[in-house]
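One structure is given below, encoded as structure tokens.
The first residue in the sequence is number 1, and the count goes up from there. Indexing begins at 1, ligand by ligand and atom by atom, following the structure's order.
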Amino acid sequence: MRIYLSRPHMSGKEEKLVLEAFSSNYIAPLGPHVDAFEETIADYLGEGLYCAALSSGTAALHLALKISGVSEGDEVWVSSMTFAGGVFPIIYLGATPRFFDLDPKTWCLDIEIIETELLKASSENRLPKAIIPTDLYGQSVDITSLEKLAKEFDVPLIIDSAESLGAITNDARKAGSGGDASILSFNGNKIITTSGGGMLVTKHKDWASKARFLSTQARDEAPHYQHSEIGYNYRLSNICAAIGLGQMEVLDERVRRRREVFKRYFDALSIPGIDFMPEAQGYHSTRWLTALTIDPTKLGINRNDVMKRLNEHEIESRPLWKPMHLQPIFKGSRYHGRGVDESLFEKGICLPSGSDLSLEEQDEIISHLLALFK
Ligand SMILES: *Cc1c(COP(=O)(O)O)cnc(C)c1O
């Protein structure tokens, strides 16, 4: 049986909630489970937050950017090392991305580079219309510092927390609770899933109601169908929300388990030539995926060959995200950095990290790896 990177992991509580949704016949992109899911996430993340449940994390980012005021011809600054869904919505709005490198100490957006570039852009009167830092592989960005910068330069801050629900920062902020808005994803490979879904989380009550309005085709209040704005069909289905409610009951348990998986890899594979993704001082990552780099000069084998050999044993692995400024579609885009992300992409690998990975499966992966490195 193939071992996957990150599989959906149901708790057993979801089916009952889905049955409830069936028996109430709320088989629609609205209903009590959608409302309850929004409330549960808002409660989990802290006080003064509002949620809009949407069909994907990508949809949540699209609406967050739109509501923040991004439009045609604008510039948006974003981490280069991320998944396409964390960048494409900039293009949906006719805006242009400018890509930024990571800090090697955290593998999250390099705040010093951002600050330098904000100062420069400010003096040249070309500040971006939004900044999107990405929480990578389960580690939250430094929310407080980024909020300070965003406030200083008066730029909306939208944090991509698609990979980090359950993570905590060094000043006890929860990933997903920061910025003008944060976005979450409940895609099948994420730490909890609704099969597919997303959430826009915001401290602005009017942003949340605007997101609900835009995600249900922008229907004005009228007995007939009336529209004064262009909308989208982006609302989360009540059935999916029922799954999400069941998953939220075990979120902290899932985080605990993923961290355990990381720890076992770390203990077994901390040898010269292997460097694990650092956990910034005082931070609590979810370790959504265990990410590490392989130095071929020390280990005698490169990342691609490791992946190939694992695959021969029916073990799935992946390179780290290919930076967006290296993607064919974003050729010629502006990029600020020292190539930290480029070198991570070249040497980095994600290992199977699901919360349902068994000890035996993990031992098998570890022993194959150790054999390759000898
Ligand atoms: C998964 C992911 C998204 C997109 O979420 P979907 O729900 O798949 O649309 C966006 N950004 C990052 C960093 C992600 O990992």
Who pairs with Asp295 by side chain to side chain donor-acceptor pair (under 3.5 Å), at least two apart in sequence or on another chain?
Thr297

What I want to find out is whether Asp305 reaches Lys308 closely enough, with some N-O distance under 4.0 Å, to be called a salt bridge.
yes

May I ask you to check whether Phe37 and Phe186 place their ring centres under 6.0 Å from each other?
yes

Could you give the side-chain donor-acceptor pairs of residues 270-283 under 3.5 Å, partners two or more places apart or in another chain?
unit_1 : atom_1 : unit_2 : atom_2 : d
Ser270 : OG     : Phe266 : O      : 2.6
Glu279 : OE2    : Arg259 : NH1    : 2.6
Glu279 : OE2    : Ser285 : N      : 2.7

With sequence neighbours left out, the residues meeting ring pair (Phe, Tyr, Trp, His ring centres under 6.0 Å) with Phe330 are Phe99

May I have every N or O pair linking ligand 1 to the protein at under 3.5 Å, one per line with atom names and distance?
unit_1   : atom_1 : unit_2 : atom_2 : d
ligand 1 : 5 (O)  : Ser185 : OG     : 3.3
ligand 1 : 7 (O)  : Gly57  : N      : 2.8
ligand 1 : 7 (O)  : Ser185 : OG     : 2.7
ligand 1 : 9 (O)  : Gly57  : N      : 3.3
ligand 1 : 9 (O)  : Thr58  : N      : 2.9
ligand 1 : 9 (O)  : Thr58  : OG1    : 2.5
ligand 1 : 11 (N) : Asp160 : OD1    : 3.4
ligand 1 : 11 (N) : Asp160 : OD2    : 2.7
ligand 1 : 15 (O) : Glu163 : OE2    : 2.6
ligand 1 : 15 (O) : Lys190 : NZ     : 3.3

Determine, for Asp171 against Arg173, whether the closest basic-nitrogen to carboxylate-oxygen distance falls under 4.0 angstrom.
no

